[in-house]
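Written out below as structure tokens is the structure these notes cover.
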Amino acid sequence: PTAAQDRWDGADDLPVNPLECPAAEGAGEASPAEMSMPEYDGGQPTDAPDLAGQPIVLVDVPKLVGIGYFAATTLGQQQAAEELGNVTVTTDAPTEANIDDQIAVIDNYITQGVNGILFAANDPVAIAPVLTRALESGIHVVGYDANSEPAAREWFVNQAEFNGIAKAMIDSMVAEIGADGSFAIVTSTFTTPNQARWIAEMQAYQGKCYPELTWLETVEAQEDNVLSFNQATTLINKYGPDLDGIFGMTSVATPAAADAVAQAGLCAVDAVAGAAGSAEDAVAVVGLATPNAMKPYVTGDFAGCVKSVVLWNPIDLGYAAVYVLRAVVDGEFAPGDTSVMAGRLGELQVVNGSEVLLGPPFIYTAENIDGFDF
Amino acid sequence: MTATASPVTRPPVQARSGGFLSRALSFLFTQEVILFLVLVVLIVLVGSANPRYVAERNFINILNGNAYIAVAAIGMSMVIISRNIDISIGSLIGVLGTLSGTIAINGYPIWASWLVPIVAGALVGAVIGFLVAYLRIPAIVVTLGLLSILKGGLITITGGAWITDLPSDYFLAQMKSPAFSFLGLNVPEIPSPILLMIILTILAAIWMRYSTTGRAIYAVGGNAEAARLSGISEKRIIMTVFIINGITAGIAAVLWATQLSIIQSTVPAGLELQIITSAVVGGVSILGGIGTTVGAMLAAILLSAINSALVFINISPYWFRAVVGVLILVTVLADRLRRQRNRASERG
Amino acid sequence: MVPGEVHALLGENGAGKSTLIKIISGVYKPDGGEMRLDGKLVAFSNPREAQAGGIATIYQELSLYPELTVAENIFMGHAPRRQVGPVKVVNWSEMTVRAKEILASLNIHDLDVRRKVGSLSVGNRQRVEIAKALSINARILIMDEPTAALTEADVIRLFEIVRLLRQRGVAIIYISHRLGEVFELADRVTVLRDGQYVGTNEVKDVTPDHLISMMVGRTIDNLFPKLDTTVGAPVLEVRNLWNKPLCRDVSFQVRAGEIVGLAGLVGSGRSELAQTIFGFTPAQSGEIILNGQTIRVRNPGDAMKHGIAYVPEDRGTQGLIREMRIRENVSLAVLKTLTRTGFINSPAERDLAAHAIEQLGIRAYSPEQLVSKLSGGNQQKVVVSKWLASKPKVLIMDEPTRGVDVGAKAEIHRLISELASQGLAILMISSELPEVLGMSDRVLVMREGRIVAEFARKDATQENVVSAMMREASEPNGVPTPQGVLQ
Amino acid sequence: MTTIRQMDEQNPGAKFRRFLLRQEIILFIILTIAIILLTLGSDKFLTVDNLLNQGRLLTEIALVALPMTFIIVTGGIDLSVGSIMGLCAILLGYMWNPSGPFQWPLELAVIFSLVVGTLCGVINGLIIVRIGVPPLITTLATLALYRGLAEGISQARSVRNYPESFYVLGQGTFLGVPTQLWVVLIFVLITAIVLSRTVFGRSLYAIGNNELGARFSGIPVGVYKIIIYGFSGFMSGMAAWIFVSRVTTTRSDMGSGLELDAIAAVVLGGTSIFGGSGSIIGTVIGFVLIQLLKNGLALAGVTTDGTIVVIGTVLIFAILINNYIQRRVSAGK
Ligand SMILES: Nc1ncnc2c1ncn2[C@@H]1O[C@H](COP(=O)(O)OP(=O)(O)OP(=O)(O)O)[C@@H](O)[C@H]1O
Ligand SMILES: Nc1ncnc2c1ncn2[C@@H]1O[C@H](COP(=O)(O)OP(=O)(O)OP(=O)(O)O)[C@@H](O)[C@H]1O
Ligand SMILES: [Mg+2]
Ligand SMILES: [Mg+2]
């Protein structure tokens, strides 16, 4: 949408598919997409050795190492590997979310000859050639968190559909600032595909359900928490009382934005020893983040600064990815199947042809957040 | 006046050549004064476009959030004045910040978590200094290697796990210091990063100008051979400079780590370029021998003020970096023209 | 050495004089032997210790900080300090005052101590270097060719200073290639050859010829072997050349086979003029005419294309690439002619270098030696040979024999004469008056950027030339005409 | 004196010893040792397929490291190469993009991006030469500027779906060897000959050792510098072209960090960061060594973070050993 571009929203320009508004709930949950299930559109490895039931060696290549989020997916993978007993997973990735380096890392593991590759792509297209090469070398490829072009991998474990996340985010924000508030966004970079997709879907959903919301602007903050903090602070200072809420689009940006709000004394609840401003000035923070990073603002020292954190469970995501790959190797999960068994997670549904859906996004609140540790 | 000027004006000895007026003029156009003027112009322009930019809180925030860069730029400018460079400084700050947090969550006293990184920084500085001064490996090579070692090593050791649950009295950078109240001045409480930045800059400026070691740094950077012949120990100076750089990196790391309730135990990307850019835009010559720490600090402030201003005046973030690049270029070109003019007037 | 003695150290280029004094002042470590100061055995492991021992040294190669002020350069390493509370800090005001005093004691009043040294002329830098050594209050002052970059007037001043110091009881080691100075100043003289001690004599007991034979191992009959040549048509002609500030409305010509000497005080603009003709600092206005044709010279490349060569005054920074080999230096200005379709013809290059070494008697063990490892004089020979290799029509030489020993000097002089007799037009800038007078067919005198006098060889006497150099600029035409607007 | 000279020429032993102790030879020995160790670490390492594949991956660094050698030999540096690469990649896609504003033929878009890359380098050169801003500062500023232009022009949109024929350069092979490796080979040969055998190359050394002296020798220092910075920009454009062809998409963050990798390769190759010495052969050994370490260590089971620790250490130690030996050699002379 052109109007959105003028606000540098950081959205991509792919087609959007907003979910039903909350009022119309009930009818909406049975997603119409399921009815017209598209054909399997993933790729297949050439001459993969039959290792059904045998030990396999996997490598996990997330976008980067060194952030809490991927530490959690790695944890989940290790849990799955331990449960299964016949899977070894090592995690290796660049130290910065850089597609050039990620390709080189994958390339090396192809040469080394692993049985399977799990990845979270820094760029869906750029990573495709090297993944295709992996498939051609008889290596199973399963993505999670950030997809590649479908033909370059077999399955993608989708943590939550983009429109689902978008809905949860906007709904949570509206619950705090009302349907006529105004908000800004702190994202990683405009070129990060997942974030761009979420923002696009948020825009579509907002346009459909809450047209009165004011969309101020989106700022970039890399995956750097000090930079995120500074950018959030700048937004707070720039808009003053005109700013009602901030979205953090990454697990780095959200706690940093919460810190910015807390240090500016703009938390909505006066749990923070008298430092809270009036409800008028308060700035709500909603975003994607891991629970541990957000506890201080939900139940800890700055309790109440943040009311809802949207996220799937990244441990489960990593866990599911390993189960999916094991099932593929064992021949229990093949194109055309509509579901797959994933250990403690039970049965997971196939959507969009070749994606395994982890489930609806989870919303952490003061009530439940202390039950999670990652 | 020369580029070795510092905030302390020189004794007003009447010069034989060049009248008082030209002298006053040339003082007016030192890099420091230019940076300051640019800063003022920026504040006035952006402030009139969006008055919230000049709000006291915004300014405090800008300074507060970037003080660690200015502090690191102090050490960096000394390194560059001595005709060396340190491109590992971003990684070092990441490592020392993580070290600080690790100490804090493991039940050691808070002062240890503030002090140990500084000592560790000094040690790393000593190692760099030793490699450069005694084993004669160029500083850029040593620090290029060290950059990889620190960056990779940090992740190998921490696995990228964030540090949370920091004790509540750990956050040095969030504390305010009633430092000036005892002077009876009606100054608002100044956040400690800003206070530290100012104090360290002034100390460094005085030291660079009034200590023999400080002068020797200029000598070594200006002409190492001559410095040796004047009996200055080049090796000792290089060691000193890198140790100080390590110390300021340690202080910067503590400010960096204590700003937020989470420490992201990774290396902040591109931080070394920000710090080096601050030093060179501040008038420190990459060829050694010229520059002041005050200039470096002003440049660090200016660059962060520009970043903030771009948000305030609604420049499309897609064009952010292009605008910053142009502004750096303009500052550098202005400095160049000034120097050429000065040289021409010296000759004429 | 005894207090109040001036002890001259002589030797050919590369004899080891500079090396010896660097050992004395703690720069190099001796392989063996001992050194006594006041009868006590001393060993300096670095220059600081030597300075503390009262030894101050003026090194042959200038060692200053271009970005620092004159005052700081003088006091680097031993700045006056002042107690502030518990710490000692540099006392800037005293530094300025004392720098002025020292310069004043050298009779130098026109040097602003707060100027950056980088903006000074070579001559002025040399003065700073002297002031720097004097600031140490040394008991022993070592001077390695201090007069190499000075003009007569400065030399006279320097001698006054040296005598003054001698009266104060300072012992002075004095290195120079100008024998006249030795006889004027020194009490005793020591000669070195190939790093070996040859002998020490009272100055009053020796003659110049005797010293030369001690140094060179043979005698030199004529230091200025000027050949009579037939002067041909003008080759280089300069008309109304302007390049402010130091080249003001200059016009002159140099004819084939003629050696024109250019004399002037430090900073009179001789080098500036030469560099303007050579295109290093292109002219603002005026004409350069070569063999009757006006040429445009925008950079040294242009000048070289037209056959103008320039031997610059400072070999270290301008003349040589010191970290490169002799071969590479000699061929640098003529690489284009040594190529086959862009590739360097290595055999031809080696021949060229070998020829140069032989022609000028450069003391090197191979053309592959790094120039930085040569002694000062031999380096100078490399610069000269580099420009001779370009087979120029006009050769401009700026201080061609600075720092060159008598033997080599005679060699270079003979070469200059020979080149002239082969029809080359030569413009020779020199601060050594005997050289100018001895070698030139014609002498031009420059002052404040203008050519103020011209003497034919027979009229060029010391008095004439010096008085033209020194005369106060009082003529009415001293005011710059608006001619700069021309063009 | 003559005796030394004769001795020097007649003693083949001494000559051989000097040859052995040359910078490049020592590096080559280090490389050989590394290869042996890495081969012991994994049997997948020393295979033709793996090595050829590594050739593909080192192309971009190799292409910018070659002109970087020229620049560092003159005592300069170019930090903007990664940003130029990003800008060229974006322009290539932007001008071609069939749904974009220009929709140029792909060939034209490639040529245009190469021209712009060259121009970016020339602008660096002009600022350095004409205005006299030191290279480090100039390219630090243009590092931000060119990357910013790439971001601004792309508006964070990527361009994909190039025609199949476009991928030959980045993914195809010629005579069994990855196409881009031939490109690297050709440029290695050209730059090596230019630097070691031509007037231009000799002049670069002269400039690096003593710029003023070079100017007094009639070398057109300014022109030469503009040429090499322009060449560096051109090669960044080449790297962008090959990279886009390899990964089939454009992103504005392509090539970030490339400058440090290239500089590391050059420096590891024995080129003095202060200018005046160095060689293309050294640089080639430098980038090959870095790439093989990355690859071989990964094959031996070392993770990426561990690998960069090793590379940093190797960089310091290689220079240390080399310095030590060179000093011994020159002391022995
Ligand atoms: N840095 C150096 N390394 C090795 N040898 C050197 C070095 N400098 C000079 N030499 C050699 O040492 C010898 C003595 O040189 P020195 O500079 O002492 O001569 P000098 O007597 O001062 O000559 P000049 O009159 O030309 O200055 C020469 O043969 C020279 O080649
Ligand atoms: N009186 C002066 N005041 C300021 N600068 C001066 C003065 N004299 C000379 N200079 C500077 O010194 C430089 C050297 O002048 P130039 O070399 O042309 O003189 P010269 O006659 O060759 O003297 P020298 O013997 O020092 O080489 C000039 O470019 C000028 O910048
Ligand atoms: Mg000497
Ligand atoms: Mg001169």
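These numbers were taken from a predicted model, which means no experiment stands behind them.
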For D:Gly218 and C:Pro300, work out which heavy atoms get closest and say how close. CA-CB, 3.7 Å
Tell me whether the count of non-hydrogen atoms from other residues, nucleotides or ligands lying under 6.0 Å of CZ in D:Phe28 goes above 12. no
Show the numbers, then the answer: is there a side-chain contact (heavy atoms from CB on, under 4.5 Å) between D:Leu212 and C:Phe280? CA-CA 10 Å; D:Leu212 189 59; C:Phe280 187 76; 3.4 Å; yes
Find the distance between CZ (D:Arg202) and OG (C:Ser331) and round it off to the nearest 0.5 Å. 5.0 Å
Taking side chain as everything from C-beta outward and backbone as N, CA, C, O, which of these in C:Thr339 sits under 4.5 Å from a heavy atom of chain D? Side chain, backbone, both or neither. side chain
Greater than 12 external heavy atoms within 6.0 Å of D:Arg197's CZ: no
Under 4.5 Å heavy-atom distance to chain C, tell me which part of D:Phe200 shows up: side chain, backbone, both or neither. neither
Before giving the answer on side-chain contact (heavy atoms from CB on, under 4.5 Å), spell out for C:Leu332 and D:Ile219 the whole-Å C-alpha distance, their side-chain angles and the decisive distance to 0.1 Å. CA-CA 9 Å; C:Leu332 196 59; D:Ile219 294 171; 3.9 Å; yes
What orientation do C:Tyr310 and D:Phe216 show, parallel under 30°, tilted 30 to 60°, or perpendicular over 60°? tilted
Shortest non-hydrogen pair, C:Ile321 vs D:Asn209, comes out as CG2-CB, 3.1 Å
At a heavy-atom separation under 4.5 Å, does C:Ile344 approach chain D through its side chain, its backbone, both, or neither? both
By a 4.5 Å heavy-atom criterion (distance strictly below it), what part of C:Lys305 contacts chain D: side chain, backbone, both, or neither? neither
Most heavy-atom pairs under 4.5 Å with chain C, out of D:Ser203, D:Ala214, D:Ser217, D:Gly201, belong to D:Ser217
Would you find more than 12 non-hydrogen atoms of other residues, nucleotides or ligands less than 6.0 Å from C:Arg322 atom CZ? yes
Drop me the distance from C:Leu320's CG to D:Asn210's CG, to the nearest 0.5 angstrom. 8.0 Å
